[in-house]
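Written out below as structure tokens is the structure these notes cover.
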Amino acid sequence: NPALTKIGAQMSNLTGVRAIMKDIVETLKAGAGQEFMNLSAGNPLILPEVEQLWRDCTAELLASSEYGEVVCRYGSSQGYAPLIEAIANDFNKRYGLNLSDRNILITPGSQSLYFYAANAFGGYTNNGELKQIVLPLSPDYTGYGGVCLEQEALKAYKPTLDIDAAAHRFKYRPDFSQLSITESTGCVLFSRPCNPTGNVLSDDEVKKIAALAAPHDVPVLIDSAYAPPFPALNFTEMTPVFGENILHCLSLSKAGLPGERIGVAIGDEGIIQALESFQTNLCIHPSRYGQAIAASAINSGALAKIAEEVIRPFYQKKFAVLEDTLDTAMPKDLPWFLHRGEGAIFAWLWLQDLPITDWEFYQELKQVGVIVVPGSSFFPGLREEWPHKHQCLRISLTGSDAEIVTGMQLLAQVAERVYQRA
Ligand code: PLP
């Protein structure tokens, strides 16, 4: 094996949830023949109406004179011009903005966008000063753990908890008494709606974070992979927030195109230009086939319509099945708390004072055929010890109704046993 550099060693490690996914794949392989209720997936389901939309757009592209231009030639680093124009028109109309093509960058998936931003704005400056990438509310997306070439730059903040004990529900809030955004902040990053918790920061909380960052010209990246207008995986009212120092980041992955890798950054021209150059150096430009079909689905309005009429209700119903089952099956006297299901494709369960770790609980669940994701992998950048980090589970809403019901009933039994044993 060749010797690895510091960055090489770091980047060739599987971080966060990817490491657990490996364990899950091995479990499924080893248990071939055994029935597992796999509630771990982050991969969205293939919904027939959504697949049909992309098929139709593909047929239209194949029949058009643009086909050769799209797949047989290099394009601009900023992205495919008709997609940029479609997004500018759609957002200007929908949100009363004044975007031009200079405010938009298309990237190969939004994960790459976070990688560019984390390293363009976070890490060491020419003066040797460390600029932090601030995650204002931990837990958050596990993928943020792998995007910084300078690991020490990632800094996450513990939240406060709104607890409704009688209802067995809770919600995270940013802890503004702790959150520090200063001249040593490089950028701020959070998902809204949030993977893994399904939390949606309120419009006021978002504006407050942006206002803390504005005096220092710190870009605030709002990861809108689950937000309206597409995939519209918000189950509660929310308005996208725009502003001079806000980079609004989209992904088409949860709108049915994860394999095509399409991310979009919308924001200030200067920020877009820096990220575009980063992209040119890295990969020249994202693939254009997916961009071309996306342009067509956005221009016709079909994507936003399917998001609202098909994608959102599908997952919202799954969450209702999950919460009804837990309410019925979980022992009332246990301190279990389900995070308010405000969006995304996951449920987040907190088992307060759990007598074993989340990893051990995950192992016990596997024994009864249920696979979820232990929560401790969703606290990237939170270095301080906090028992809560080992008391949570992420449950995917991509299972069938029957899998969710049986899975949650078995989980309730395991939880009862584990607390009783202690
Ligand atoms: N951000 C969040 C919150 C996600 O959940 C995901 C994927 O699951 C991503 C970003 C990465 O998405 P992509 O790179 O496919 O756009």
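Both ligands and their constituent atoms are indexed starting at 1 by order of listing. We count residues from 1, following the sequence as given.
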Salt-bridged, Asp162 to Arg173, with N to O below 4.0 Å? yes
Please find out if less than 6.0 Å separates the ring center of His339 from that of Phe346. no
In terms of atom number and element, which parts of ligand 1 are under 4.0 angstrom from non-hydrogen atoms of Gly109? 14 (O), 16 (O)
As a check for students: among Leu250, Ile345, Asp223, identify the option with a heavy atom nearest to atom 1 (N) of ligand 1. Asp223
For Ser191, counting its heavy atoms only, list the atoms of ligand 1 lying under 4.0 Å from any of them. 3 (C)
Please check whether Asn195 reaches ligand 1 - meaning an N/O of the residue sits under 3.5 Å from an N/O of the ligand, judged on distance alone. yes
Under 3.5 Å side-chain donor-acceptor pair for Glu129 and Tyr124: no
Whether the Lys366 and Thr27 side chains hold a donor-acceptor pair (N or O, under 3.5 Å, no angle test) is what I'd like checked. yes
For Ser251, atoms of ligand 1 separated by under 4.0 Å from a heavy atom: 13 (P), 16 (O)
Ion pair Arg102/Asp268, N-O distance below 4.0 Å: no
If we count only N and O atoms by modelled type, under 3.5 Å, do the side chains of Ser191 and Asp140 hold a donor and an acceptor together? yes
Atom 15 (O) of ligand 1: closest protein heavy atom, distance to 0.1 Å, is Ser253 OG, 2.5 Å
With atom 7 (C) of ligand 1 as the reference point, say which of Lys254, Glu260, Gln111 has the nearest heavy atom. Lys254
For atom 11 (C) of ligand 1, which candidate among Tyr144, Tyr141, Phe190 holds the nearest heavy atom? Tyr141
Testing the 3.5 Å rule here: is there a donor-acceptor pair between the side chains of Ser180 and Thr182? no
Per-atom contacts of ligand 1 with Arg261, taking only distances under 4.0 Å to non-hydrogen atoms: 13 (P), 14 (O), 15 (O)
For atom 12 (O) of ligand 1, find the nearest protein heavy atom and state the residue, atom name and distance (0.1 Å precision). Ser110 OG, 3.4 Å
